[in-house]
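I have placed the structure first, in the form of structure tokens, so that the comments after it can refer back to it.
Every chain is numbered from 1 and lettered A, B, ... according to where its sequence line falls, protein lines coming before strand lines. Below, each value reflects all heavy atoms present in this structure, side chains not excepted, and no hydrogens, waters or symmetry copies.
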Number of protein chains: 2
Amino acid sequence: MSNSSPATIEDVARIAEVSIATVSRAIHTPEKVAKSTRLKVNQAIAVTGYTTNAMARSLRLGRSNMILVVAPDIGDPNFSNILVGLENEARAHGYGVLIGHTQNDAQRGLEYLKFLNSSQAAGLILFTGILPFGHQAMTARLPPSVGVFEPVFNGGIPYVGVDDIEGARKAVDLLIAEGHRKIAFVGDSRTRLAYNRRRMGYHAGLDAAGIPPGGRIVMEGDGTIESGRLALEQLFVRDDLPTAFMCVNDQTALGVMIGLKARGYEIPRDFSVTGFDDVPQASFMTPSLTTVRQPRTAIGKRAMALLLEMLSDATPAETEILLRPDLVVRNSVAAPARQRATR
Amino acid sequence: MSNSSPATIEDVARIAEVSIATVSRAIHTPEKVAKSTRLKVNQAIAVTGYTTNAMARSLRLGRSNMILVVAPDIGDPNFSNILVGLENEARAHGYGVLIGHTQNDAQRGLEYLKFLNSSQAAGLILFTGILPFGHQAMTARLPPSVGVFEPVFNGGIPYVGVDDIEGARKAVDLLIAEGHRKIAFVGDSRTRLAYNRRRMGYHAGLDAAGIPPGGRIVMEGDGTIESGRLALEQLFVRDDLPTAFMCVNDQTALGVMIGLKARGYEIPRDFSVTGFDDVPQASFMTPSLTTVRQPRTAIGKRAMALLLEMLSDATPAETEILLRPDLVVRNSVAAPARQRATR
DNA sequence: CCGCACGATGTAAACCTTTACATTCGGCTC
DNA sequence: GAGCCGAATGTAAAGGTTTACATCGTGCGG
């Protein structure tokens, strides 16, 4: 019954006593084959346990029904929920999802490009702001692609993200409403566009509140826990400290909170902190983190929907889709203390 | 130069003025082609930007050079480091890695099985204790496979994990050495073998210290934060509380700590807590968590090495590989308080 | 100088599909 | 009853490789 090698369409044809063409038609365009024949074929399929060889099919068709998702860091807490959105949407349209992990390694990116070149995937979802593949020439024949979070540098690739400016604005507005006037922004970055946008939201909020540019504190950072802690250390050599830290993401906020606690301060009594992303851990930090939620599942769903649309039309309807982020108020923000405890 | 469709071996052959067979040989068995010819071919390859169509190749060969990694939950903090180990080892041997995400959904597992059946992957790494695919018949023609963390139920599949018993033993021994006598184990589970083993280590440690079975407290749990919190709540209706919580994993420990803090207790002054896994967040919890480290990268490396060995020999040398876990001492354990603060 | 062996290369089949085109056959129109 | 049409099915090519086998030519031994 179950041979060592899987059943082919020919095995099915032999058992059903029809030609292989008929079997293929019975599977893909059942309305073109007589009902009685269809029945015979289906029985033969059941008997043999036949599943079509996707590789041969894709080779013939020149396209597959797999979507490749390339991410630099699978461990990113932002990743998994997006992935769920991507997968569900893909499945609903008969596509499967495979994940490629580049670890920010160009060589590895190139491997996935080969994979794509072999038309083993019909489309590409990119989690990285830059094309992971160096070769410009090869880039030319990329399949339909969609970026997530950030626009893909240098390719005419549409993307789905969140309105970072609006999200940051919501965070800073909350801090201002609580009475903060001296607010530091932690995590400025030249390379990551999303971070840049969040900084823009920060400035916009302060402008709207009439807080002069002079007193603003912007610290660099790459979004890691360590960068948050480091930024904090540098701030503490200043003479005038902020009363609140608006962090570019939750990891940075965690770093800041760890540093603050290490110095013996209590949050939010002594300092307020906000994050961005609402990663799963945010609600389990102490204190739980007030942050801006990315609608991750929705982003994934939208990105995949866009890609599938491109796969059928080849005309990307939109080139940029920004979803609305929401503020999640927890316990890391309070009104500023009257007087600051000195170090 | 860069046509819309990728260059084929025929294009290369035409430019190099040789046959396609020679091109193929120049690539895969260079020693069989004259040096001068090899040169011409290489130049032609460079000109055309040719990369072999992996799909056609695999179709012909009946095997691919991709390894499929199937995990129920990509978001599991244990996953990403393992993956790095897997990937690095695979790359070193010319294999690529693709990740399949089942979300514990049998249907999805079946899709990946089809993928395997089309010999789109040469081997399989399974992160789940049960075969994700229902059909027994299909299971018969699984490619060489290796499990990670837990033995795969019901298949003769070798696996690589950690010595859970020894790891748990190290944790409980530490607690005993600190003077604890009343130690609760949180996270017993019938379905997860690894958890069972950790409970066995717990008992072994108490036995060795001569602590009678009567006083042991074993709470059920599925390893989630919520299950830890829940177990704690149930414990607090008892009259004699433990002085330490030995948790089946770090998530559970986090849940316990959150619950303890919510009740106004301080860790480790009032209660000690240990975890298992040493997930990245463990060092950032407050207090930082004393836990048992899984050598994740090593596990991944070992699992892939075993799989590659099977791919060449087809005889799995070992059927079970257990690595040694280490205790990581941080700040969540201290000697038990003389007298417990009442609620 | 003939024959042989061997190294280098070419030819063609095979892997498993899909699908354009060809064929067959029954039923309908006139 | 002849011709035609359309439905159902079959035949065969194509997609890009790899490789067994065939071919070619060169160098060497006798």
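- We find that NZ of A/K35 is positioned 17 Å from P of D/dA7, with the value rounded to whole Å.
- Using a 4.0 Å heavy-atom criterion, one finds that B/L59 contacts the bases of the nucleic acid, with or without backbone contacts as well.
- Of the candidates D/dT9, C/dC16, D/dT19, D/dT19 carries the atom nearest the B/S24 side chain, counting heavy atoms from C-beta on.
- Nucleic acid contact for B/A21: base, since at least one base atom lies under 4.0 Å from a heavy atom of the residue.
- For A/Q120 and D/dG16, the CD to P distance is 14 Å, given to the nearest whole Å.
- Regarding A/K32, its NZ atom lies at a distance of 11 Å from the P atom of D/dA7, rounded to whole Å.
- Residue B/I9 contributes atom CD1, which lies 17 Å from atom P of C/dA12 at whole-angstrom precision.
- In the model, B/E87 has a side-chain atom that pairs as donor or acceptor with a side-chain atom of A/Q103 under 3.5 Å.
- Residues B/E17 and B/K40 are not paired through a salt bridge, judged by the lack of any N-O separation under 4.0 Å between the basic side chain and the carboxylate.
- At a non-hydrogen distance threshold of 4.0 Å, B/T37 from residues 36-45 of chain B come into contact with DNA chain C.
- Atom CZ of A/R63 has 12 or fewer heavy atoms from other residues, nucleotides or ligands within 6.0 Å.
- When each of B/T52, B/N53, B/T51 is tested with A/N117 by the rule side-chain contact (heavy atoms from CB on, under 4.5 Å), just one qualifies, namely B/T51.
- Checked options A/N81, A/N78, A/V160; the residue passing with A/I299 is A/V160 (criterion: side-chain contact (heavy atoms from CB on, under 4.5 Å)).
- Heavy atoms from other residues, nucleotides or ligands lying under 6.0 Å from CZ of A/R38 number more than 12.
- Nearest-nucleotide positions on DNA chain C for B/S19 and B/A56 put B/S19 closer to the 5' end.
- Considering every non-hydrogen atom in both A/F127 and A/L86, the closest pair reads CE1-CD1, 4.0 Å.
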Show the numbers, then the answer: is there a side chain to side chain contact (heavy atoms under 4.5 Å, CB included) between A/D73 and A/F79? CA-CA 8 Å; A/D73 177 16; A/F79 181 71; over 6 Å; no
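- Summarising the geometry, atom CZ belonging to B/R57 is positioned 10.5 Å from atom OG belonging to A/S118; distances are rounded to the nearest 0.5 Å.
- Regarding B/I27, its CD1 atom lies at a distance of 14 Å from the C1' atom of D/dT19, rounded to whole Å.
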Sequence-aligned protein contact record of nucleotides 21-27 of chain C, with B where the base is within under 4.0 Å of a protein heavy atom and S where only the sugar-phosphate is: -------
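- Distance, A/E31 CD to D/dG6 C1': 16 Å, rounded to whole Å.
- For B/L61, whose side chain is taken as the heavy atoms from C-beta onward, the closest listed nucleotide among D/dT19, D/dT17, C/dT11 is D/dT19.
- Side-chain proximity of A/T22 to C/dG10, D/dG10, C/dC16: nearest is D/dG10.
- Contact annotation for A/S118: no contact, since no heavy-atom pair falls under 4.0 Å across all strands.
- The separation between B/E10 atom CD and D/dT17 atom P is 9 Å, rounded to whole Å.
- Side-chain proximity of A/R57 to the nucleotides C/dT17, D/dG16, D/dT11 is greatest for C/dT17.
- Side chain of B/I20, nearest nucleotide from C/dG10, C/dT19, C/dA12: C/dA12.
- D/dG15 atom P lies 19 Å from atom CE of A/M55, rounded to whole Å.
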What verdict does the side chain to side chain contact (heavy atoms under 4.5 Å, CB included) test give for A/Y95 and A/M304, after you've listed the backbone C-alpha separation in whole Å, the side-chain angles of each residue and the deciding distance to 0.1 Å? CA-CA 10 Å; A/Y95 283 88; A/M304 185 58 76; 5.9 Å; no
